[in-house]
Amino acid sequence: MNILHIDNSPRQQSHSRQLSAAIVKRLLEVAPGADIIRRDLGTDPLPQTAALYAAALASPATLAAPPAGSLDLSEQLVREVEAADVVVIGTPMHNLTIPSVLKAWVDQILRVGRTIKSTSVGKVGMLRDRPVLIGVASGGFFTGERANQPDFLTPYLSIALSSIGLKSQQFFPLQGTAFLNWEQAAETRDKTLAALDVTAVKRLTEIQDQPAMVASVGWNHADLALPRHASPSAH
């Protein structure tokens, strides 16, 4: 089984990193032989949308014949998702929504003709569904009885991932972190993760389902033969 583990906080000792690490630890208890592809966007951020990439996405004609190299980064990131049986995302809530580094990743993996198909009834995801486990840390409260701010993170990320076919999502909110010490945060984190459903992961370990690979822009299966805990280049 392959796990794609993505962190987005610029702080190494952040609550969202602790949360995503706890999720991965729980997965490894179910699938101890799992391989982990690590992408740390908090410390190694992706570039913002470049001119060549924007030019490639401008029209069906430019997508059919994109500028040389314009889709390479996008293709690498999409293939990481395709190679994963489970995606784990740890993210802080920045100003009511996702951090800009996570938005940069989303902008690269949502690609018409590659991960999204435009139809007469709207956009349809082209990727195989798989569990996506999302740990969200917030200094304030955005859900429940103590909610005092809106939440644009959960609906946006849910719709964005669903649009490419990743519909099996679980969100784990760790709220009020500005008012928690580390011991309290650990207790709250454990309570939050009590809702973690690993049923699908257990099935994956039994079925040994291998992700479908697509050969394009010069990539092949060997490009994704990463060692355990490998950290692919972001550029």
Side-chain angles (χ1 to χ4, degrees), residues 1-32 34-43 81 84-103 105-106 129-162 166-205 229:
M1 189 180 79
N2 296 320
I3 300 171
L4 174 58
H5 181 191
I6 302 172
D7 271 322
N8 297 277
S9 174
R11 297 191 301 124
Q12 285 299 310
Q13 299 300 319
S14 72
H15 292 285
S16 65
R17 287 179 180 274
Q18 297 289 331
L19 187 55
S20 71
I23 293 173
V24 171
K25 181 180 178 181
R26 179 70 187 281
L27 294 177
L28 291 176
E29 292 172 356
V30 177
D35 290 326
I36 300 175
I37 299 173
R38 190 78 168 90
R39 186 163 282 280
D40 192 334
L41 302 179
T43 59
V81 174
D85 297 298
V86 183
V87 179
V88 177
I89 299 174
T91 181
M93 178 179 280
H94 282 178
N95 299 318
L96 315 179
T97 189
I98 62 174
S100 61
V101 292
L102 182 53
K103 180 60 164 59
W105 179 79
V106 169
D129 192 17
R130 68 212 71 203
V132 183
L133 309 175
I134 306 154
V136 181
S138 171
F141 296 86
F142 59 89
T143 186
E145 295 180 355
R146 301 179 66 182
N148 59 2
Q149 65 186 50
D151 172 19
F152 297 109
L153 185 155
T154 305
Y156 169 74
L157 197 54
S158 179
I159 293 172
L161 294 172
S162 294
L166 308 187
K167 299 181 179 181
S168 298
Q169 307 163 5
Q170 277 188 280
F171 284 82
F172 303 94
L174 180 60
Q175 306 181 81
T177 59
F179 311 101
L180 300 175
N181 60 38
W182 282 108
E183 182 177 346
Q184 293 170 323
E187 294 175 357
T188 305
R189 184 170 62 244
D190 289 342
K191 292 178 181 178
T192 299
L193 293 182
L196 177 58
D197 183 3
V198 295
T199 304
V201 177
K202 289 180 179 178
R203 283 202 303 267
L204 283 170
T205 59
H229 295 286

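No hydrogens, no waters, no symmetry mates; every other heavy atom, side chains included, goes into these values. On a predicted model such as this, the values are computed, not experimentally measured, just so you know.
Arg26 places none of its side-chain heavy atoms less than 4.5 Å from the side chain of Leu193. A 4.5 Å side-chain heavy-atom check between Ser20 and Ile89 finds every atom pair outside the cut-off. Using a 4.5 Å cut-off on side-chain heavy atoms (C-beta onward), Trp105 and Val81 make contact.
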Worksheet item: Taking it one step at a time, do Val87 and Leu161 satisfy side chain to side chain contact (heavy atoms under 4.5 Å, CB included)?
Response: CA-CA 11 Å; Val87 179; Leu161 294 172; over 6 Å; no
Practice prompt. Before giving the answer on side chain to side chain contact (heavy atoms under 4.5 Å, CB included), spell out for Leu157 and Val106 the whole-Å C-alpha distance, their side-chain angles and the decisive distance to 0.1 Å.
Written response: CA-CA 9 Å; Leu157 197 54; Val106 169; 4.2 Å; yes
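What you find for Leu41 and Leu102 is that their closest heavy atoms are CD1-CA, 4.4 Å. Closest approach of Asn8 and Pro99 over heavy atoms only: CB-CG, 4.3 Å. Among all heavy-atom pairs drawn from Thr205 and Val30, the shortest one is CG2-O, 4.4 Å. When all heavy atoms of Ser9 and Ser16 are compared, the closest pair comes out as CB-OG, 3.5 Å. The two atoms that bring Arg130 and Asp85 nearest to each other are CB-O, 3.3 Å, heavy atoms only. Residues Ala34 and Leu28 come closest through the heavy atom pair CB-CD2, 3.9 Å.
When atom types are taken as modelled, the side chain of Gln184 and the backbone of Asn181 share a donor-acceptor pair closer than 3.5 angstrom.
With sequence neighbours excluded, the residues satisfying salt bridge (charged side-chain N to carboxylate O under 4.0 Å, His left out) with Arg17 are Asp7, Asp40. Partners of Ser158 according to the side-chain hydrogen bond (donor to acceptor under 3.5 Å, both in side chains) rule, which considers only residues two or more places apart in sequence or in another chain, are Gln169. Shown here are the side-chain contact (heavy atoms from CB on, under 4.5 Å) partners of Asp190, two or more places apart in sequence or in another chain: there are none.
The only option from Leu27, Leu4, Ile6 that meets the side chain to side chain contact (heavy atoms under 4.5 Å, CB included) definition with Val88 turns out to be Leu27.
Applying the salt bridge (Lys or Arg N to Asp or Glu O under 4.0 Å) test to residues at least two apart or on different chains, none of the pairs has a partner in residues 151-162. For residues 168-191, the ring pair (Phe, Tyr, Trp, His ring centres under 6.0 Å) pairs, not counting sequence neighbours, are His15-Trp182.
The CD atom of Gln18 lies 10.0 Å from the CZ atom of Arg11; values are rounded to the nearest 0.5 Å. With values rounded to the nearest 0.5 angstrom, Leu166 atom CG is found 6.5 Å from Asp129 atom CG. Atom-to-atom distance recorded for Ile36:CD1 and Met1:CE is 8.5 Å, nearest 0.5 angstrom. The NE2 atom of His5 sits 8.0 Å away from the CD1 atom of Ile23 when rounded to the nearest 0.5 Å. The NZ atom of Lys202 sits 9.0 Å away from the CG atom of Asp197 when rounded to the nearest 0.5 Å.
Within 6.0 Å of CD on Glu29 lie more than 12 heavy atoms contributed by other residues, nucleotides or ligands.
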Return a table of donor-acceptor pairs under 3.5 angstrom between the side chains of residues 131-149 and protein atoms on other chains or two or more places apart.
{"residue": "Ser138", "atom": "OG", "partner": "Gly140", "partner atom": "N", "Å": "3.2"}
{"residue": "Ser138", "atom": "OG", "partner": "Gly140", "partner atom": "O", "Å": "3.1"}

